Amino acid sequence: MARFIFITGGVVSSLGKGLSSAALGALLQARGFKVRLRKLDPYLNVDPGTMSPYQHGEVYVTDDGAETDLDLGHYERFTGVSCRQSDNVTAGRIYSTVIARERRGDYLGGTVQVIPHVTDAIKEFITADLSDEDFVLVEIGGTIGDIEGLPFVEAIRQLGNETGRHNSLFIHVTLVPYISAAGELKTKPTQHSVKELLGLGIQPDIVLCRSEREIPREARQKLALFCNVHPDRVIQARDVDTIYDVPIAYHNQGLDEQVLKHFGLHPGREAEVELNRWNDIVDTIRSPEGEVTIAVVGKYTNLLDAYKSLNEALTHGGIANKVRVNLNWLESEIFEGENAAHHLESCDGILVPGGFGERGSRGKINAARFARERKVPYFGICFGMQMAVIEAARNLAGIAKAGSTEFGPCDEPVVGLLTEWARGNVVERRRSDDDLGGTMRLGAYACRLTPGTKVAEIYSNKSEISERHRHRYEVNINYRRQLEAAGMTFSGMSPDGQLPEIVELQDHPWFVGVQFHPELKSKPFDPHPMFTSFIKAAVDQSRLV
Ligand code: GLN
């Protein structure tokens, strides 16, 4: 039976619980165990798909088409285990399941209550869709003390009790702040937070203390005393310069060892061997052989969480090329004015990421034009591909009124809403007045590559690939002939030949647009070939100037 590790957070939000969970997953994997990571989100949205990136950051899409929390991206990047719909649930989804059951009459006349009905539904979720995992790591979103998190905390308390002390473990991640006026690290917030957790019936087995500075032994002993844990299980988690150092840092503090001891397992030697993967990554990041600058022209550029996976995938492309990738985040609206080109002049590559809505789209089109005309490497992802196609249609193919129906009715819908498409042998449908939640083309779809194209070469001459999607609009196949005649090749298509998946420019060193999100599948130990190739093109570009 799988063992459960529950990870809660205290004191403040943004402690990096997701990263901590992912790093522990990686360490257990390095010890030869099979892991699965899950996230429980206490908010009432059914999924984060309808939330603004300003509220929530990136929406991470899984192969099976779930729109999930960005922490699942960390889980995949650190463990390589593909997440599924069953790895992320929100209070909204739990409540809608319970209410649907009530409407069907499944509760046989009973009064439906948070305990046991909601907590049962949460426990069902945590224990469902597992096979032979050794460890299931379950992260609880939010901070202990939040009202909306209470049913989740109660559910894991019950589950801990039901599975027994040696089959479940509670880790509480807290903050030990440094007060510069006193010149001291403070343990009191952690003590209070653990008290709060105890008040909810949970005694943490390990307290993981985030801190800017080294936590002295006495402070750890004090924490152990007040939190009722062994001093070896008060683990310090100091800030690190790269997130890929977190597994190593935790291992050095004995986190994985303490976890295994709790479960009565004997820490083996494998971890030493497997940690090489992380050491190599960190060494490459810390001592690059060169650097490139990529301009990312987007809409949410002041909120890096909105482009979490993209940020990481670019770093991975840098690891593959042994260079540091400096990112110059640019708000696309600045390219709508005159003389904005100078912002792009010093960069070695331009990337326009995914996005929604008309605001800022003109600036993205202008950035694509700059890249095309100046022969600067250009990578357009999803919306970034659509804007590049509109630019090429207008300025290369002479279709002056080319546009996207996303911005309203349009004479030349080079990008348009698609209401029917195939997934394998199944036809999926949507209507223009559908609900906005969960109705996009979501998840993994196959794409056939045209032999002899740059992209086919990037993907090692594979004939078919699979990548993740999240969009409502598509490049309109009816414009293919005109665009190809003007020099924009459709180098990847859906297997039925109806949906353009990839375009590339002929007369250009590196200009590629993809309808999917390759950043979602990139790993530090397995950088995505598109990012490896884009960064390589940027390295070549940097040598030109
Ligand atoms: N807004 C575009 C669409 O829905 C692109 C979406 C995206 O970039 N993820 O098709």
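Along the sequence shown, the residues carry numbers beginning at 1. All of these numbers come straight from a predicted model, not from anything done at the bench. Indexing begins at 1, ligand by ligand and atom by atom, following the structure's order.
Under 4.0 angstrom from ligand 1, there are no non-hydrogen atoms of Met440. Both the backbone and the side chain of His471 come within 4.0 Å of ligand 1, judged by heavy-atom distances.
Remark: minimum distance from atom 7 (C) of ligand 1 to any protein heavy atom is reached at Cys382 SG, 2.9 Å. With respect to atom 2 (C) of ligand 1, the closest heavy atom belonging to the protein is Glu406 OE1, 3.2 Å. Atom 10 (O) of ligand 1 has Tyr473 N, 2.7 Å as its closest protein atom, hydrogens excluded (heavy atom only). Arg470 O, 2.9 Å is the protein heavy atom nearest to atom 9 (N) of ligand 1. Among protein heavy atoms, the minimum distance from atom 4 (O) of ligand 1 is reached at Arg472 N, 2.9 Å.
For the ligand labelled ligand 1, residue His517 lies inside the 4.0 Å heavy-atom shell. Ligand 1 lies out of reach of Glu474, whose nearest heavy atom is not under 4.0 Å from it.
Side-chain contact check for His56 and Asp69: at least one donor-acceptor pair (N or O, by modelled atom type) lies under 3.5 Å.
Classification of Lys521 and Asp526 as a salt-bridged pair fails, no side-chain N sitting under 4.0 Å from a carboxylate O.
Distances between N or O atoms of Gln515 and those of ligand 1 include no value under 3.5 Å. Inclusion of Phe383 in the set of residues having an N or O under 3.5 Å from an N or O of ligand 1 is warranted. At least one N or O atom of Gly355, backbone or side chain, sits closer than 3.5 Å to an N or O atom of ligand 1.
A cation-pi arrangement is not found for Arg481 relative to Tyr479, the charged atom failing to lie both closer than 6.0 Å to the ring centre and inside a 45° cone about the ring normal.
With hydrogens and angles disregarded, a donor-acceptor distance shorter than 3.5 Å links the side chain of Tyr60 to the backbone of Leu520. Put simply, the side chain of Gln386 never gets that close to the backbone of Val475: no donor and acceptor are under 3.5 Å apart. With hydrogens and angles disregarded, no donor-acceptor distance shorter than 3.5 Å links the side chain of Arg468 to the backbone of Gly443. A donor-acceptor contact shorter than 3.5 Å is absent between the side chain of Thr453 and the backbone of Leu449.
Residues Leu137 and Phe6 have side chains not in contact (no heavy-atom distance under 4.5 Å, counting atoms from C-beta outward).
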